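Data first, discussion second: the structure below is written as C-alpha cells.
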Amino acid sequence: RFTPTRRGLSEDTISFVTNDPGRLRLQIPVKGTGVLPTRLSLDLDPAPGSQGQLSGSARPNDEIGLAVYAVEALELTGYGLELSFDMDVLSFMGFDAAGSEEENLLSAAGNALIPSASATGGSVRVEVATESGGGGDVTGDGLLGIVRFRVAETVKTSAEIRLDLGRLQSAGVAVADTLLPNLTVALEIRLLTGDFNFDGTVDITDFFLFADHFGSTDPFFDLSGNGRVDLNDFFIFAGKFGDRLGKIVGSALGDGTTE
C-alpha cells in the first residue's frame with residue numbers, strides 16, 4: 001500500500017525483484033495526494049459534544065450559540081474561522097473559545113488560548129492562537145468555539161448561518177491548511193401573532209401598542225390583512241391575548257468570551 005507522508009502531491013517508485021530472467025527488477029511509478037483528514041462540523045444544540053443539529057427555532061431577542069467542532073484535527077496549534085449570516089435577522093454578539101461544560105480542543109494539552117473575533121457586515125472572522133511555551137499541538141476531535149448571535153425584532157421567519165472557511169495551523173507546517181466546508185444551519189424565526197414588542201407574550205403592553213395604531217394603515221398591526229387596523233384586527237388580537245411563545249434554541253454560552 002502506498003501512503004503519502006505529507007500534504008500535496010507525492011510521487012515515488014516501487015521496485016520488485018522478480019524471477020523473470022528477462023526482467024529481474026520491476027519498477028512501478030506511483031503517486032498520491034496527501035489530504036488533511038480534518039473535517040469541521042456545526043451544532044445548534046447547547047449540550048456538550050457535537051450533536052450535529054443544523055436546524056432549530058428561535059424567537060426575536062433570543063440569543064443563540066452556534067458551536068464549531070473539528071473532527072480528526074492533526075497536530076493543531078491554532079485556527080481561524082469565517083462565517084456569514086443574515087444581518088437583517090441576526091447580529092453578532094461574541095465568541096466563546098469554550099463552553100460552560102466543554103473545554104476547547106487546544107486546551108486539552110494545557111494551552112493558554114488567545115482568541116479574537118470581529119464582525120464586518122454579515123461576516124464574522126475568528127482567530128484562536130496559543131501562547132508560546134504551552135502544552136503543544138493537539139490531535140483529535142473537539143470544540144473550536146461557540147459563535148453567539150442575537151435574533152432581531154423582525155417579521156422575517158427564517159435565517160441562515162454559514163461556515164464558509166476554516167484555516168488550521170499544524171505544528172511544523174509553514175502554511176495553514178484551508179478548508180471550505182460549505183456548512184449551513186437554518187433557523188426558523190418563530191413569531192407570535194399580536195406580540196408587537198417581541199417579548200414572547202401577548203399582553204397588555206401589546207394592547208397599548210395596538211391601540212396606538214388603531215385606525216391606521218400600518219401593516220405591522222393589520223393582522224387581518226385588509227389594509228386597515230380595525231375591529232377585525234382587534235378580534236384577532238383578542239383571540240391571541242395571553243398566548244406565550246417558549247424559547248426553543250438556547251444560548252450555549254461559556255467561558256473565554258470575546259466580544
Side-chain angles (χ1 to χ4, degrees), residues 39-71 79-102 104 115 117-126 128 142-166 179-202 206 219-220 223 240 243-254 256-259:
R39 304 182 306 279
L40 301 179
S41 65
L42 299 176
D43 186 21
L44 283 169
D45 193 317
S50 178
Q51 318 301 318
Q53 183 177 333
L54 296 180
S55 63
S57 300
R59 67 187 186 190
N61 294 317
D62 275 354
E63 186 169 311
I64 63 171
L66 177 61
V68 184
Y69 288 88
V71 180
Y79 55 88
L81 304 169
E82 294 184 12
L83 302 93
S84 54
F85 62 95
D86 185 349
M87 59 184 300
D88 292 330
V89 181
L90 301 168
S91 58
F92 172 67
M93 299 300 294
F95 171 73
D96 297 342
S100 58
E101 301 179 32
E102 187 174 15
N104 187 282
S118 60
T120 303
S123 299
V124 176
R125 183 170 181 170
V126 172
V128 176
L143 177 69
L144 298 183
I146 300 165
V147 188
R148 294 182 286 112
F149 298 91
R150 184 177 296 277
V151 181
E153 295 183 352
T154 178
V155 295
K156 290 190 174 183
T157 57
S158 64
E160 289 186 342
I161 307 170
R162 294 171 296 279
L163 177 59
D164 300 314
L165 183 144
L179 304 182
L180 303 174
N182 193 29
L183 294 172
T184 301
V185 297
L187 285 174
E188 174 195 4
I189 311 304
R190 299 194 59 185
L191 304 178
L192 183 61
T193 300
D195 180 21
F196 301 120
N197 66 346
F198 300 107
D199 66 352
T201 304
V202 182
D206 301 300
F220 184 59
L223 303 180
K240 297 293 184 180
D243 283 0
R244 300 176 63 88
L245 183 62
K247 190 172 183 179
I248 304 300
V249 174
S251 56
L253 308 183
T257 301
T258 300
E259 303 293 348

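Every value quoted in this text rests on a predicted model; they were computed, and no experiment measured them.
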Are side-chain heavy atoms of T193 and L223 found at a separation under 4.5 Å? yes
About how many Å separate CZ of F85 and OG of S91, when rounded to the nearest 0.5 Å? 7.0 Å
Under a 3.5 Å distance rule, please check whether E101 uses its side chain to pair with a backbone N or O of A47 as donor and acceptor. no
Quick one: does D45's side chain have a donor or acceptor within less than 3.5 Å of a partner on G52's backbone? no
Is there a side-chain contact between V124 and F149 in this structure, where contact means two heavy atoms from C-beta onward sitting under 4.5 Å apart? yes
For F95 and R148, work out which heavy atoms get closest and say how close. N-NH2, 4.1 Å
Is any side-chain heavy atom of T154 closer than 4.5 Å to one of F198? no
Side chains of T184 and R162, donor plus acceptor under 3.5 Å: no
When rounded to the nearest 0.5 angstrom, what distance separates CD in E153 from CG in N197? 7.5 Å
Got a second to check how far D164's CG is from L180's CG, nearest 0.5 Å? 9.0 Å
Closest non-hydrogen contact found for L143 with A67 is CD1-CB, 4.0 Å
So do the side chains of D206 and D195 get within less than 4.5 Å of each other, counting heavy atoms only? yes
Closest approach of F92 and A117, non-hydrogen atoms and distance? CZ-CB, 3.9 Å
May I ask you to decide if V128's main-chain N or O and Y79's side chain share a donor-acceptor pair within less than 3.5 Å? no
From I146 CD1 over to M93 CE, what is the distance, rounded to the nearest 0.5 angstrom? 14.5 Å
How close do L183 and L40 get, heavy atom to heavy atom, and via which atoms? CD1-O, 3.1 Å
Contact between Q51 and D43 at the side-chain level, heavy atoms closer than 4.5 Å - yes or no? yes
Minimum heavy-atom separation for D88 to A152, with atom names? O-CB, 4.2 Å
Hey, could you give me the CG/CG distance between N61 and D199, rounded to the nearest 0.5 Å? 8.5 Å
Less than 4.5 Å apart, side chain to side chain, heavy atoms only: is that true for L187 and L90? yes
Working to the nearest 0.5 angstrom, can you tell me the gap between E102 CD and D96 CG? 12.0 Å
Any I64 side-chain heavy atom under 4.5 Å of I161 side chain: yes
Measure from the side-chain N and O atoms of D86 to the backbone N and O of A159, and report whether any donor-acceptor pair falls under 3.5 Å. no
What is the minimum heavy-atom distance between G200 and L192, and which atoms define it? O-CD2, 3.7 Å
Compare all side-chain heavy atoms of L44 with those of L54 and state whether any distance is below 4.5 angstrom. no
